Structures are given as C-alpha cells and as structure tokens.
Amino acid sequence: MAIQNKLRKVLYNTIILIIAGLTVTGFCFSKEIKKVALLPFVMNTQQDLTFLQKGIFDMFSSRISYGDEVEVLTREILENKLAGAGLSIAVARNINELKARELGKALNVDYVLFGSLTLFGNSMSLDVKVVDVKYENPALTFFRQGNDSGAVIPELDKVAQEINFKVFGRENLEFQSRQALQKTYPVQDQATGFASPLKNFQTLLSVNGTLNGVATGDLDGDKKNEIVVIHGRIIKIFKYAFNGKINLVKKIEASSVAMNLVSIDVADINRNGFSEIFVTRINNQNQSVASQMIEYNGSEYVVSKTTYPWYLRVIQDYQGNAELIGQVHSKQGPWASKNVFKVDWQNNKYIPGQRLRAPKTGFSVLSMVSGNMSGTEPGSYLYTNEKGQLIAFNDSGKTEWSSDEGYGGSSFFYAIPQHTQNALYTTEYKFLQPKSAVYDMDGDGNAELFVIKNYEISENFFKNTRLYKKGSIEIFNLNELGLAFDNAPKKFPGPVTSIDIGDFDNDGKAELLVVMLKKKSGLLSNNSTSVLIVYDLN
C-alpha cells in the first residue's frame with residue numbers, strides 16, 4: 001500500500017509538473033474560438049487510478065487549450081452541461097463516435113475528445129479519438145502501445161502534439177530568442193548571494209534534434225582549433241570564421257543505425273600534430289560497445305576501421321595535459337567494468353597501458369575528469385557516479401571525498417535485457433552521466449571544477465525514464481574539506497547535455513562551450529532544438 005501511495009503521489013506530482021511545463025502561449029489571430037469537450041478517459045486497470053484519470057484530463061486541457069483559439073471545457077462546466085442535458089459524467093464509459101457527435105451537439109462544442117488507457121502488467125495501450133462535431137469530418141484516431149507502464153505520460157504528450165497539429169494546425173514553437181534567453185539568466189543568485197562568472201555569451205549553433213556531445217582541438221594541424229559535435233547519428237566539424245560565426249567543415253555519419261554516439265573527445269594522443277576524435281558508441285540491440293577514432297591525414301578525415309570494446313574519455317589536468325582513459329566494456333553496462341587503464345599509442349595502434357585503480361562500484365570513465373586541480377594531487381581523479389554523487393579518489397582507488405547526490409543527469413542509456421519472470425521491465429536502462437571539466441578560470445594556479453546538474457521531474461523515481469525540465473552548471477573549488485563553491489550556479493531553461501573548455505575562436509583565451517536541449521512545444525516532446533552556447537572565462 002505504501003508503494004502504491006508513493007506511486008500515486010509521484011505520478012500526480014509528475015503530471016502537475018508537466019502541466020506547468022507544457023502550457024503553451026502565443027499570439028492568436030483567429031476570432032472564432034473552437035470549443036472542445038474532453039471526456040474522462042476509461043481506465044482499464046487492476047488498480048484504482050482515479051488520480052491518473054484526473055491528471056490525464058488536466059494534462060490534455062492544458063496542452064490543447066490555446067489562448068483565444070482553442071478552449072477546453074473545464075471539468076465543472078462539462079459536468080454542469082451534461083447535467084443540463086440530463087446526462088452524467090459516466091456517459092464516457094459507453095461512448096462511441098456516433099454518441100460523441102450527438103453529445104457534442106448537445107453540449108454546443110466543436111470537438112469531442114475521448115479515449116481509454118489500458119494497463120496490464122508491464123504492457124500499456126492508449127486509444128484516443130477526436131470527433132469533429134461542427135463539420136462532421138471523419139473522426140481522427142490515435143493509438144499508442146508499449147511494454148513499459150512508465151511510458152504512459154510520454155505517449156500521452158505525443159498524442160496531444162499530434163492533435164494540436166492534425167486537428168488545430170498548430171505547429172511547435174521555436175526555441176526562444178537570444179534576448180529571452182539572456183533574461184533567463186540572473187546576474188546574481190538570490191539564494192546564495194553569489195554572482196555567476198558565466199555572463200558574456202553568444203550562440204554559435206541552433207539545430208533541430210539533439211546535440212549530445214561537444215569537444216574542441218586542432219584537428220588539421222594548422223594551430224587553430226575546430227569544434228566537434230555529435231548531432232544525432234552525425235559527427236559535425238566546425239571552424240571559427242569571424243564575428244561569432246562558425247562554418248561547417250565536415251559531416252561524418254555513423255556507419256550503423258544501431259549505434260548510439262554517446263560521447264566525443266579530442267586530443268593528440270599519437271603525437272603526430274593532428275588531434276584525433278574519439279567517439280564512444282553503444283549498440284543497445286546487442287549490448288556492445290564499438291568505439292572509434294577519426295583523424296585528419298593531411299587531406300581528408302579518415303574513420304578508423306578498427307573498433308575498440310572500450311568506453312573512452314580524454315581527461316585534462318589544470319595545465320591542459322591530456323590523457324586518454326579506457327574502460328573495458330561489460331555486458332552489465334558502463335558502471336560494472338573494473339578494467340580501467342590509460343590508452344597508449346604503440347606500433348600504429350591504441351593499446352591498454354598503465355592500469356588505474358578505480359572505485360569498485362558505480363564508476364564510469366565517461367563521467368571522469370582529472371582531480372589534479374592545483375598540481376599538488378598527482379594521480380587524483382573525480383567522477384560523477386551512477387547515483388549522481390561527485391567522487392574524488394586517488395591513484396590507489398581509495399575514495400577521498402564524496403558529495404551528496406543530485407549532480408549529472410542524462411537521458412542517454414545502456415540497455416540490459418531482463419530475462420527473469422518477475423522482472424518489472426523487459427529491459428533495464430543504465431543511464432550515463434555527462435562529463436565535467438577543470439580549468440583555472442582566475443589564473444591563481446588552482447583550477448575550478450565545472451559540473452553539469454540537470455533536474456529530473458520525478459527525482460529518478462521511474463527506473464527507465466528520465467525527463468529533465470531544466471539544468472545548470474555549478475563551479476567548484478577544491479579545498480581540504482572537499483569541493484566548495486563561491487559562484488552561483490548558471491541556470492538554463494533546458495537540460496545541459498555536454499560541456500567542454502577550449503579556445504574555439506583561436507584568440508588565445510579559453511571559453512566554456514555548453515550544449516543545451518530545449519523542447520519546442522513541451523517537456524515530453526520528441527521535437528527538440530539544441531543550442532551550442534559559448535561563455536567567456538577570462
């Protein structure tokens with residue numbers, strides 16, 4: 001009962017958050033208001049999920065209502081109108097298209113929306129119909145199904161988006177302008193009293209879809225840095241032109257549609273004057289890792305035919321010295337392997353070098369960064385563990401310091417099939433953590449740690465779902481008591497997927513590059529915009 005009550009509370013709070021996040025505003029040019037009667041969904045479940053039924057009503061109402069163009073009858077008005085027609089709200093249980101049309105005329109509305117949600121075990125199915133009462137066009141049907149009961153809310157949002165587009169001709173809103181984005185960032189955090197040093201910024205890139213990785217380095221040996229990003233399944237290389245503009249130099253598409261590109265780094269590990277691009281690739285269909293290297297050969301970019309079953313991360317200390325760290329893949333995912341090592345270049349290939357003693361549980365090189373922030377802690381490292389704690393450990397693998405949970409946060413995952421009969425999910429997701437960065441921002445010989453912190457709306461309650469509404473970057477100093485901050489977090493209106501520090505415009509000064517994801521029309525929308533923003537650090 002306690003678990004059920006907790007589920008009820010979290011689901012309800014989640015829906016309330018979604019309602020707040022999905023409210024869409026805009027200009028209305030239509031004088032005629034379209035009225036919609038939204039009937040309570042029929043719940044085919046073994047549990048009493050009345051709270052979810054009400055949440056569905058509130059979610060659709062908020063999502064479909066649109067200024068002076070579309071009005072959804074409130075629950076109170078709907079009940080009063082039904083009572084006036086000699087009906088009760090229970091009419092929704094036996095509704096069909098013909099009855100919905102007759103009901104719509106009685107209620108004097110333009111559309112009637114009704115549906116059902118079926119939950120049985122781990123399976124979920126959603127049926128929704130929209131009946132055109134005024135013009136008597138054929139009803140539109142929307143159907144979703146899945147093997148994960150936690151997919152109810154995301155699928156409901158997809159249906160709401162389709163209804164907005166197919167019924168009301170309303171497309172998704174574009175990413176807010178730079179002026180609006182500037183206003184989102186307060187100069188000073190009221191809660192801490194500290195000011196954020198991340199003030200002056202410019203937007204380098206805005207694209208549809210997801211950017212989930214960024215890195216900088218001199219790829220072509222001309223002593224000028226390039227910017228490399230992962231855009232879905234494509235690696236894009238840009239070079240700074242002038243006046244804050246970057247030009248696309250090369251696009252490299254992933255060779256396999258099954259491969260997810262989850263991280264990217266740049267460093268000249270083979271010491272030939274051309275920095276290599278290191279890409280960690282995960283195949284969730286067969287639970288494998290096949291990382292690749294890409295390098296400029298003087299005339300073109302060459303994708304290595306050799307793949308490595310390693311997770312890869314380039315880490316840099318406070319002086320910018322780079323090392324490539326590898327972690328042998330385990331079928332249990334990125335947090336299970338114990339074999340961690342420095343990657344060496346020998347006989348024209350990358351090989352495992354010196355072993356690193358890493359913590360025994362909850363460790364992944366993908367979130368690892370050098371802990372050598374002042375030159376006094378050789379062989380020290382930091383990482384974000386699976387639970388979201390920042391952990392500092394030494395070269396013997398001993399944990400020296402750990403924070404509370406709540407850092408990191410990513411929607412990218414490694415999938416592990418579950419074969420036990422009593423498993424709650426057919427697949428268990430092991431979510432990754434984003435990388436951090438170190439840099440001596442004020443030139444005092446002590447580097448600061450830059451950490452991503454994204455805010456998950458259900459506090460990671462749902463095992464296979466991560467939904468982030470906003471994000472931030474926190475900047476820490478390392479002292480004898482651990483990490484301490486004297487800067488306000490830099491807040492963003494969407495989750496931060498990746499950061500990197502480098503001299504992108506080749507002016508001799510390093511900048512912070514930030515990739516942020518922004519949903520176009522709602523928190524759960526598949527239609528998203530990613531922006532690459534750069535901040536001055538000096």
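Fair warning: this is a prediction, and the values are worked out from it, not measured in the lab.
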- Note on the structure: Between K435 and I452 the two heavy atoms that sit nearest each other are O-CD1, 3.9 Å
- Item | pair V228-L219: side-chain heavy atoms closer than 4.5 Å | yes
- Message: Is the distance from the ring center of Y414 to that of F431 below 6.0 Å?
- Response: no
- Message: Please evaluate residues D222 and K239 with respect to the criterion salt bridge (charged side-chain N to carboxylate O under 4.0 Å, His left out), reporting the C-alpha separation (whole Å), side-chain torsions for both, the decisive distance (0.1 Å), and the verdict.
- Response: CA-CA 12 Å; D222 66 350; K239 202 174 189 75; 3.0 Å; yes
- Report the C-alpha distance between K430 and E428 in whole Å, list the side-chain angles of each, state the deciding distance to 0.1 Å, and finish with yes or no for salt bridge (charged side-chain N to carboxylate O under 4.0 Å, His left out). CA-CA 7 Å; K430 292 289 187 180; E428 180 183 3; 3.7 Å; yes
- Would you find a donor on one side and an acceptor on the other, under 3.5 Å apart, between the side chain of D157 and the backbone of Q161? no
- Determine yes or no for a side-chain-to-main-chain donor-acceptor pair under 3.5 angstrom, with E276 supplying the side chain and N270 the backbone. yes
- Taking the side chain as C-beta and beyond, is there a heavy-atom pair between L198 and L537 under 4.5 Å? yes
- Query: Distance from L532 atom CG to L205 atom CG, nearest 0.5 Å?
  - Reply: 5.5 Å
- Task: Check Y350, F278, F341 against W310 for a ring-ring contact (aromatic ring centres under 6.0 Å, His included) and give me the one that passes.
- Result: F341
- Task: Decide yes or no for T307 and R281: does some side-chain heavy atom of the first lie under 4.5 Å from some side-chain heavy atom of the second?
- Result: yes
- N283 versus Q287, side-chain donor and acceptor atoms under 3.5 Å: no
- Message: Quick one about S367 and T384 (side-chain donor to acceptor, distance below 3.5 Å, no hydrogens or angles considered), yes or no?
- Response: no
- Message: For the backbone of Y468 and the side chain of N454, can you confirm whether one donor and one acceptor N or O come within less than 3.5 Å of each other?
- Response: no
- Task: Run the numbers on R313 and D265 for salt bridge (charged side-chain N to carboxylate O under 4.0 Å, His left out), then give the verdict.
- Result: CA-CA 7 Å; R313 170 64 69 217; D265 287 290; 2.4 Å; yes
- Any donor-acceptor pair under 3.5 Å linking the side chain of S370 with the backbone of Y381? no
- For T280 and S291, which heavy atoms make the closest approach, and how far apart are they? CA-OG, 3.4 Å
- Query: Are the aromatic rings of F476 and F450 close, with centres under 6.0 Å apart?
  - Reply: no
- Query: Has K331 got more than 12 heavy atoms of other residues, nucleotides or ligands less than 6.0 Å from its NZ?
  - Reply: yes
- Would you please test F412 and N260 for side chain to side chain contact (heavy atoms under 4.5 Å, CB included) and show each step? CA-CA 9 Å; F412 300 102; N260 295 319; over 6 Å; no
- Task: Output yes when a side-chain donor or acceptor of N464 lies under 3.5 Å from a complementary backbone atom of T427, and no otherwise.
- Result: yes
- What's the spacing between L156 CG and M59 CE if we round to 0.5 Å? 5.0 Å
- Approximate separation, where rounding is to 0.5 Å, of K518 NZ and F492 CZ: 12.5 Å
- Message: Any side-chain to backbone donor/acceptor pair from E323 onto I315? Under 3.5 Å, distance only.
- Response: no
- Does the side chain of M259 come within less than 4.5 Å of I282's, by heavy atoms? no
- Does Y455 reach the side chain of K491, with side-chain heavy atoms less than 4.5 Å apart? no
- Query: Are N212 and T210 linked by a side-chain donor-acceptor pair shorter than 3.5 Å?
  - Reply: no
- What do the steps show when you test K349 against T306 for side chain to side chain contact (heavy atoms under 4.5 Å, CB included), and what is the final call? CA-CA 9 Å; K349 62 181 179 181; T306 303; over 6 Å; no
- Item | Main-chain N/O of K223 paired to D218 side chain as donor or acceptor, under 3.5 Å | yes
- Message: If you compare all heavy atoms of S275 against all heavy atoms of V266, which two are closest, and at what distance to 0.1 Å?
- Response: CB-CG1, 3.6 Å
- Query: If we only count heavy atoms from C-beta on, is the V369 to L449 side-chain gap below 4.5 Å?
  - Reply: yes
- Query: With a 4.5 Å limit on heavy-atom distance, are the side chains of I227 and I237 in contact?
  - Reply: no
- Determine, step by step, whether I163 and I64 satisfy the side chain to side chain contact (heavy atoms under 4.5 Å, CB included) criterion, reporting the C-alpha distance in whole Å, the side-chain angles of both residues, the deciding distance to 0.1 Å, and the verdict. CA-CA 8 Å; I163 291 172; I64 294 172; 4.2 Å; yes
- Message: Return the CD1 to CD distance between I234 and E253, rounded to the nearest 0.5 Å.
- Response: 4.5 Å
- Query: Taking it one step at a time, do Q292 and S304 satisfy side chain to side chain contact (heavy atoms under 4.5 Å, CB included)?
  - Reply: CA-CA 6 Å; Q292 278 186 317; S304 172; 5.6 Å; no
- Note on the structure: So CD1 of I533 and CD1 of I499: to nearest 0.5 Å the spacing works out to 12.5 Å
- Task: Considering non-hydrogen atoms only, spot the tightest contact between S411 and R466 and give its length.
- Result: OG-O, 3.6 Å
- Query: Any luck finding a side-chain donor-acceptor pair between S498 and D500 under 3.5 Å?
  - Reply: no
- Heavy-atom pair with the smallest gap, counting every atom of G213 and I264: C-CG2, 3.7 Å
- Side-chain donor/acceptor of N506 to backbone N/O of N225, under 3.5 Å: yes
- Ring centroid separation for F363 and Y383, is it under 6.0 angstrom? yes
- Message: Taking S61's backbone N and O only, do any of them form a donor-acceptor pair with S65's side chain (distance below 3.5 Å, no angle check)?
- Response: yes
- Query: Between the main-chain N or O of S403 and the side-chain N or O of Q389, is there a donor-acceptor pair closer than 3.5 Å?
  - Reply: yes
- Could you grab the distance from atom CZ of F413 to atom OG1 of T465, nearest 0.5 Å is fine? 10.0 Å
- Query: Is any side-chain heavy atom of L432 less than 4.5 Å from a side-chain heavy atom of P334?
  - Reply: yes
- Task: Locate the shortest heavy-atom distance separating A437 from I501; write the atom from each residue and the value.
- Result: CB-CD1, 3.8 Å
- Pair N272-E295, side-chain donor/acceptor within less than 3.5 Å: yes
